[in-house]
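Labels below follow one simple rule: chain letters A, B, ... track the order of the sequence lines, proteins then strands, and each chain is numbered from 1.
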Amino acid sequence: MNFNESVWKFIKKIPKGKVATYKEIARAIGNVNAFRAVGNACNKNPHSPKALCHRVVAADGKIGGYAFGEKKKILLLKKEGVAVSNGKIVDFENVLYKFD
DNA sequence: GTCGTGACTAGCC
DNA sequence: CGGCTAGCCACGA
């Protein structure tokens with residue numbers, strides 16, 4: 001199994017209305033220091049509609065970025081039930097999903 | 001096989 | 001408190 005496949009798999013495990021941080025995902029995989037590779041994998045993900053990359057945010061609750069545009073990501077999150085304000089998650093810890 | 005880049009994070013000034 | 005630098009991993013050329 002490739003690293004980026006694991007990333008997508010964990011992302012798919014994120015329930016609707018919840019979000020996860022790159023760091024948590026990287027930690028779940030086993031390489032907490034690979035958070036950079038996590039985002040990188042999603043960016044180049046060939047599973048655009050399958051990989052729910054928009055549910056992944058930065059450790060500070062910031063959007064960070066999105067292949068289709070941060071604004072689009074925010075919109076999607078809002079539709080999922082995640083409140084976002086000024087490019088940041090409102091109840092970040094409240095909607096934060098942990099793989100623990 | 002080596003260099004450069006990227007949707008990051010934590011620490012330092 | 002805010003901005004900048006260094007370090008980390010994986011992938012593409």
Side-chain angles (χ1 to χ4, degrees):
Chain A
M1 174 147 343
N2 293 334
F3 179 85
N4 82 7
E5 246 187 80
S6 300
V7 175
W8 304 325
K9 191 156 68 178
F10 278 104
I11 291 171
K12 288 185 209 166
K13 287 163 78 173
I14 304 171
K16 185 182 172 200
K18 294 255 178 166
V19 296
T21 66
Y22 296 100
K23 197 171 164 194
E24 283 295 313
I25 294 170
R27 191 170 70 106
I29 293 169
N31 298 322
V32 67
N33 289 25
F35 38 70
R36 199 182 274 262
V38 175
N40 208 344
C42 260
N43 181 21
K44 298 169 187 142
N45 78 72
H47 308 260
S48 316
K50 289 191 153 201
L52 305 157
C53 332
H54 67 270
R55 286 185 190 160
V56 188
V57 296
D60 293 82
K62 294 193 290 196
I63 298 301
Y66 190 52
F68 287 81
E70 297 174 41
K71 199 173 168 145
K72 187 82 176 180
K73 184 170 178 175
I74 295 168
L75 187 67
L76 286 165
L77 288 170
K78 286 179 118 179
K79 289 185 81 160
E80 299 268 305
V82 180
V84 182
S85 180
N86 195 13
K88 292 171 207 150
I89 308 296
V90 179
D91 292 312
F92 177 52
E93 294 189 17
N94 191 36
V95 297
L96 177 60
Y97 174 78
K98 293 172 183 172
F99 297 95
D100 182 53

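Contact annotation for Ala37(A): base contact, defined as any heavy-atom pair under 4.0 Å involving a base atom. Using a 4.0 Å heavy-atom distance criterion, Phe35(A) is classed as a base contact.
Taking atom CG of Asn31(A) as the reference point, atom P of dC9(C) lies 8 Å away to the nearest angstrom. Regarding Asn43(A), its CG atom lies at a distance of 20 Å from the P atom of dG4(B), rounded to whole Å. Rounded to whole angstrom, the span from the NZ atom of Lys62(A) across to the C1' atom of dT9(B) amounts to 10 Å. Taking atom CG of residue Asn33(A) and atom P of nucleotide dG6(B), one finds them 21 Å apart after rounding to whole Å. At whole-Å resolution of the value, CG in Asp60(A) and C1' in dT9(B) are 8 Å apart. Rounded to whole Å, the distance from CZ on Arg27(A) to P on dT9(B) is 14 Å. Rounded to an integer number of Å, the gap from NZ of Lys44(A) to P of dG12(C) is 6 Å. Computed from coordinates, the Ile29(A) CD1 to dC8(C) P distance equals 19 Å when rounded to whole Å.
One finds the NZ atom of Lys16(A) at 9.5 Å from the NZ atom of Lys79(A) (value rounded to the nearest 0.5 Å). Rounding to the nearest 0.5 Å gives a distance of 5.0 Å between CG of Asn86(A) and NZ of Lys88(A).
For DNA chain B, the neighbouring residues in residues 14-26 of chain A, judged by any heavy atom under 4.0 Å, are Tyr22(A), Lys23(A).
Across all strands shown, dC8(C) remains unpaired; no Watson-Crick or G-U wobble contact has both distances below 3.5 Å.
Within 6.0 Å of atom CZ in Phe99(A), more than 12 heavy atoms from other residues, nucleotides or ligands are found, so the atom counts as buried in its surroundings.
The residue among Ala59(A) and Asn40(A) whose nearest nucleotide of DNA chain B is located toward the 5' end is Asn40(A).
Ile74(A) and Val19(A) fall within the same hydrophobic cluster, where Ile, Leu, Val, Met, Phe, Trp and Tyr residues are linked whenever their side-chain heavy atoms come under 4.5 Å apart, directly or through other members. Note on Val82(A): it does not cluster hydrophobically with Ile11(A), by side-chain heavy-atom contacts below 4.5 Å among ILVMFWY residues.
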One pair to check against side-chain contact (heavy atoms from CB on, under 4.5 Å): Ile14(A) and Leu52(A). What are the steps and the verdict? CA-CA 8 Å; Ile14(A) 304 171; Leu52(A) 305 157; 5.8 Å; no
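A distance-only check finds a donor-acceptor pair linking the side chain of Lys73(A) to the backbone of Val56(A) [under 3.5 Å].
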